[in-house]
Amino acid sequence: MGFEALVFSSYFVVYLLYRSWNPDLFLQSQQQLNQNLGVLNTVILLISSWLVARGVQAAREGRHEAAGKQVWMAMGLGLLFVGSKLLEWSLKIQAGFEFSTNRFFSFYYFLTGIHVVHVLFGFVFLGVVLYQLGGPRRRSQPVIEAGAIFWHMVDFLWVMIFALLYLMR
């Protein structure tokens, strides 16, 4: 996960450099994004992280069925996030804002796209967590917590992407 943080940090630095070289283009392009949808996506992922944290706590307390329910709900919110991104990309493309429109939209699609890929990997990690929770012989709290940490990292990365793409003026 340290590698992931390093890679995303590098992307963020490159984004900020390009933004500093052409602030008017980035600001003008940024205004084409739907901040409300960005906020909604952020809330969805923050709630999903909260649910995963509750699931980890329930697993620590031996309430494995409750923990599984929390993780399933978090995955549902993750799916809602992915669906929301697909809708947002579709609306942007229909409005004529594609990857090749300008440098801002190249970063927008790249950063949000690579984030969605990490959400999909997060589903795999949470699937492992559910597997761990499913039977007493295979329960490993460290594995459960490692899966949760990956999900939290993905959510944290979204908060950074949201701030850079949607909010920073």
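- Residues Met153 and Phe156 fail the side-chain proximity criterion, which asks for heavy atoms closer than 4.5 Å.
- Side-chain contact between Phe125 and Leu130: absent, with no pair of heavy atoms (C-beta onward) separated by less than 4.5 Å.
- A continuous path of ILVMFWY side-chain contacts below 4.5 Å connects Trp72 to Ile47, so both sit in one hydrophobic cluster.
- A cation-pi arrangement, defined by a distance under 6.0 Å to the six-membered ring centre and an angle within 45 degrees of its axis, is present between Arg54 and Trp50.
- Side-chain atoms of Arg169 and Gln30 include a donor-acceptor pair closer than 3.5 Å.
- Annotation for Met75 and Phe123: closest pair O-CE2, 3.6 Å, computed over non-hydrogen atoms.
- Checking side-chain atoms of Lys92 against main-chain N and O of Gln32 turns up a donor-acceptor pair under 3.5 Å.
- Taking each heavy atom of Gly78 and Val119 in turn, the nearest pair found is O-CG1, 4.2 Å.
- Between Ala148 and Val56 the shortest heavy-atom distance is CB-CG2, 3.4 Å.
- There is a path of hydrophobic side-chain contacts, each under 4.5 Å, that joins Met168 to Val14.
- Using a 4.5 Å heavy-atom threshold, the side chains of Thr42 and Val39 count as separate.
- Atoms CG and OH, from Asn34 and Tyr166 in turn, are 8.0 Å apart once rounded to the nearest 0.5 Å.
- Side chain to side chain, Ser48 and Trp151 meet the donor-acceptor criterion of an N or O pair below 3.5 Å.
- Residue Phe97 holds its CZ atom at 9.0 Å from OH of Tyr109, rounded to the nearest 0.5 Å.
- Inter-residue side-chain proximity for Ser90 and Leu86 is flagged as unmet; no heavy-atom pair is nearer than 4.5 Å.
- By the 30° and 60° cut-offs, the orientation of the rings of Phe8 relative to Phe12 is tilted.
- In this structure, Leu51 and Ala74 approach most closely via the heavy-atom pair CD1-N, 3.9 Å.
- Between Tyr15 and Phe107, the ring-plane angle classifies as perpendicular under the 30° and 60° cut-offs.
- Within 6.0 Å of the CD atom in Glu61, the count of heavy atoms belonging to other residues, nucleotides or ligands exceeds 12.
- Ser29 places no side-chain N or O within 3.5 Å of a backbone atom of Phe26 that could act as its donor or acceptor partner.
- One distance of note links CD1 of Ile144 with OH of Tyr131; it measures 12.5 Å at 0.5 Å rounding.
- Heavy atoms from other residues, nucleotides or ligands lying under 6.0 Å from NZ of Lys85 number more than 12.
- Residues Leu157 and Tyr11 are not in side-chain contact: their nearest non-hydrogen atoms beyond the backbone lie 4.5 Å or more apart.
- Between His152 and Ser49, the closest heavy-atom pair is ND1-OG, 2.8 Å.
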Between Phe150 and Glu145, does a side-chain contact (heavy atoms from CB on, under 4.5 Å) hold up when you go through it step by step? CA-CA 9 Å; Phe150 184 85; Glu145 292 187 17; over 6 Å; no
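- Counted by atom type alone, Thr112 and Trp89 present one or more donor-acceptor pairs between their side chains at under 3.5 Å.
- Within 6.0 Å of CZ on Arg139 lie more than 12 heavy atoms contributed by other residues, nucleotides or ligands.
- Cluster membership check: Leu80 shares its hydrophobic cluster with Val52, using side-chain heavy-atom separations under 4.5 Å among Ile, Leu, Val, Met, Phe, Trp and Tyr.
- Heavy atoms only, all atoms of each residue included: Gly55 and Ala67 are closest at O-CB, 3.2 Å.
- Contact check for Trp158 versus Asp155: no side-chain heavy atoms found under the 4.5 Å cut-off.
- No path of Ile, Leu, Val, Met, Phe, Trp and Tyr side chains, each step under 4.5 Å between heavy atoms, connects Val82 with Leu87, placing them in separate hydrophobic clusters.
- We find the CG-CZ distance between Leu37 and Phe162 to be 10.0 Å, quoted to the nearest 0.5 Å.
- The structure places CD1 of Ile161 at 11.0 Å from CG of Asn41, a figure rounded to the nearest 0.5 Å.
- The aromatic rings of Tyr18 and Trp21 sit perpendicular, their planes meeting at an angle over 60°, well past the 30° parallel limit.
- One hydrophobic cluster, built from ILVMFWY side chains closer than 4.5 Å, cannot hold both Leu91 and Leu165; they sit in different ones.
- With rounding to the nearest 0.5 angstrom, the CG atom of Leu77 is 11.5 Å from the OG atom of Ser84.
- A distance below 6.0 Å separates the ring centres of Phe81 and His115.
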